[in-house]
Amino acid sequence: MKIYNTLSGQKEEFLPRGDEVKMYVCGVTPYDNCHIGHAMSYIIFDVIRRYLQFRGYEVKYVQNITDIDDKIIDRANQLSIPPRELAEKYINSYFEDIDGLNIGRADIYPRATGEVPKIIEVIQGLIDKGYAYPAGGSVYFRVRSDPDYGKLSHRSLESMIAMECAVGGDEKEHPMDFALWKAAKPGEPSWQSPWGNGRPGWHIECSAMSLKYLGDTLDIHGGGQDLIFPHHENEIAQSESFTGVKPFVKYWLHNGLLQLGEEKMSKSLGNLITIKEALEKYSPDAIRIFILSSHYRSPLTYSEEALEAAERGADRLCQAAYSQGGGEKSEESVDVESYQQRFAAVMDDDFNTPQALAALFDLARDINRANEAGLGAVEAQKVLLELAGILGLDLKPTWKLVRPVGITSAEEFGVPTIIQTSGEIGSEEYIENLIRQRDKYRQAKQWQLADEIRAKLVEMGIALEDTPQGTVWKQKR
RNA sequence: GGCGACGUAGCCAAGUGGUUAAGGCGGGGGUCUGCAAAACCCUUAUUCAGCGGUUCGAAUCCGCUCGUCGCCUCCA
C-alpha cells in the first residue's frame, strides 16, 4: 500500500511500526455547528480507517476536542453562557452529525480541558530542556531551538519572517515563537500551573494527547491542509523536542479543502453549509459519494448539482444491491474476484476513492446485466455491499413492496373518478391503499384512472415502479 | 513578496510517457412496459487552458504565457 506523505511530498510504502496502526486526526473546536468542509475531512479519514481495517490492520483512532479556546470564550460571552455549556452543546451536535453521516466513532475523544495535567507536564519538560520559556505568565516555544522547524510546511524561518506578519507579544524572544500556555485574562476559565493561572495554547493539546494515548510516534496523523502550518508544524516541534524521538509522525496526511463558490468554506468567512442542512436535503450516502468522487488531496467545490448527481448515483448502487433476478439459474455469472482486486488495487494507491467508486458502478452494471439475463448475482450483490461498506456507504433499501391484489367484485370500479382511501393523508397506510386501488384499476385495464392515482402520488413525492413481484414505492428525497 | 496546488466532454471527476482518455450526472437513439419508472444496449472529448521544447512517441516531462485556488493569521 502506498500513501502520500506531506512531510516527504511523495507517495511512500505504508509500513506501520507495530501491529496496531496508531492514528490521530485533528478534531473540532465546538463553538458552532460543523459544516460540510468538516464532513469532508472526517469522511475521508473514516474511509482510510475502514480500509486499513479491511486490509487486516488493527487501528487505534484518537481524535481530540478543543473545548477551550479564544473562539469558544468569545462566543460564550456573546451568549452570556459559560464556555463549558457552549462547548457541550456543540460537542453533542458534532456527534449527531458524524452519526448521521455514518462516520465511525474514534476510539478516544480526549478533551483539552480534561488533559491539563499532561499538558503542563509536557510544557514543563520543554522548559527544562531549554525549548520553551515563561514570559509574563505565558509560556512560549522557542522556534530557534528547533533546527527542523519548517520541515513539514517546507519553509524556512527566514521566509516566515520575510512577510512582516510577525504579530504581537513583545514578551516573545522571536516573532515566530508560539504560545504553549496562555496567561489567564480576567473572567476567563483558567487552570493553575507553575507559571500562574492560565490555559493551554492551541497546539500543545495535540502533542500531549497523542503522546499520552498513542505513544511517542504515531503512524498516521491527519487533518485538513489548512492545518499544515502552523498547527502541525508546531506539533512536530513540541513533540520531537519533548521526547527526543523522531519522527513524531510517520505519515502526515492532509485532505484538500472544500470550496463554496470561489472561496474555501470556513467558519470565519461564514460561507458555509452545515452538515445538518446538507442532511436535510441529501442522504448520507449521497454526501459521501460526492466527497469520495474526487481524490482526497484535491480541493472540491460544493454544488447542489454535484450533490444531486451523487444522490442519483447512490440510488443506482442501492437498486443494484437489492434488485431481484427473474431467472432460476443460480449459477454465479459475475466475476466478483476481479472487482475485489480492482477495488483493493486502487485503494492501495493512496486511497483512490474515485476509482474505487468507478469499480462499484461497474459492478452494479454487471449485477443488473446478470439479473436481466436471469443469471445469478447474489454473490456479486454481497460483494457490492461489502465494498461499499468500506467507503461507509450503507446502500439501505428505500423501496417498499406492495403486493398485487385480486379483483373481488366489479363494484369496486363503480365510482371510479373519486380517489378515496383510508389512513391518515400522507401516511404509509394511505399511500399503500392508494397503490392497491391503482392496482385494481390496472387489472381492470382502467389505465386513465390508474394513471390519475400515480400522478397524485408523484405530486406527493412518491415514486412508483411496477415489477413482476408487485408495485414498489419510495419517498423521493 | 515567499511556498504550494490546479486548469481533462454540457456538469462533476479519474488517469501523470506508449493498445479504444475511467466512472457518475445530464443529453440523444433503441429494447422492455398498457403507459411510465427502473434496468439493459448504442451514442455523447480524434482530444486533455494556450504557445514552444525534450522524445521514435506526451494529457502525462521541461520552459513560458493566461486563468483559478490554497497556505504564509483562527480554520477540517
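Here is the naming used below: chain letters follow the sequence lines, and residue numbers restart at 1 for every chain. Predicted model, so just to flag it, every value in this text is computed and none were measured.
The residue Q319(A) sits close only to the backbone: its heavy atoms come under 4.0 Å of sugar-phosphate atoms, none of a base. Residue contacts shown for Q225(A) are absent, as no nucleic acid heavy atom lies under 4.0 Å away.
Pair check for rC56(B) finds rG18(B); Watson-Crick or G-U wobble, both atom distances under 3.5 Å. Of all nucleotides present, only rU44(B) satisfies the Watson-Crick or G-U wobble test against rG26(B), with each distance under 3.5 Å. Of the nucleotides present, rU31(B) is the one that pairs with rA39(B) by Watson-Crick or G-U wobble criteria, both distances under 3.5 Å. rG67(B) and rC6(B) make up a base pair, with Watson-Crick or G-U wobble contacts both under 3.5 Å.
In this structure, L257(A) places its CG atom 11 Å from C1' of rA5(B), rounding to the nearest Å. Look at CZ on R442(A): it is 10 Å from C1' on rC35(B), rounded to the nearest Å. Per the geometry, CZ belonging to R369(A) stands 19 Å off P belonging to rU31(B), to the nearest Å.
For the P atom pair drawn from rC62(B) and rU16(B), the interatomic distance equals 15 Å after rounding to whole Å. rG27(B) sits 23 Å from rU33(B) when the C1' atoms are compared, rounded to a whole Å. Nucleotides rG24(B) and rG15(B) have their C1' atoms positioned 16 Å apart, rounded to a whole Å. Atom C1' of rC35(B) sits at a distance of 42 Å from the matching atom of rU47(B), rounded to the whole Å. Comparing rA21(B) with rA9(B), their C1' atoms are spaced 11 Å from each other, to the whole Å.
In this model, the phosphate group of rA5(B) is not approached by any side-chain N or O of R297(A) to a distance below 4.0 Å at OP1 or OP2. Applying the 4.0 Å criterion to OP1 and OP2 of rG24(B), one finds that R365(A) has a side-chain N or O inside that range. OP1 or OP2 of rA14(B) sits under 4.0 Å from a side-chain N or O of S298(A).
Residue N368(A) places no side-chain atom within donor-acceptor reach of the base of rC41(B), judged by atom type and a 3.5 Å distance cut-off alone. Taking only distance into account, the side chain of N352(A) never meets the base of rG15(B) through a donor-acceptor pair shorter than 3.5 Å.
The only option from H221(A), K60(A), M23(A), M209(A) that meets the side chain to side chain contact (heavy atoms under 4.5 Å, CB included) definition with L214(A) turns out to be K60(A).
Along RNA chain B, the nucleotide closest to T467(A) and the one closest to G37(A) are compared, and the more 5′ of them pairs with T467(A). When each of A309(A) and G27(A) is assigned the nucleotide of RNA chain B bearing its nearest heavy atom, the one mapping closer to the 5' terminus is A309(A).
Salt-bridge check for K71(A) with D32(A): failed, with every basic side-chain N at 4.0 Å or more from each acidic carboxylate O.
With its ring centre under 5.5 Å from that of the base six-membered ring and a plane angle below 30°, W447(A) counts as stacked on rG34(B).
Relative ring orientation between Y302(A) and F290(A) is described as perpendicular, the plane-to-plane angle rising above 60° on a 0-90° scale split at 30° and 60°.
Checked against the 6.0 Å centroid criterion, the rings of H232(A) and H254(A) qualify as a close aromatic pair. For F351(A) and Y4(A), the ring centers sit 6.0 Å or farther from each other.
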### Task
Test S210(A) against V62(A) for side chain to side chain contact (heavy atoms under 4.5 Å, CB included), laying out the working first.
CA-CA 8 Å; S210(A) 55; V62(A) 177; over 6 Å; no
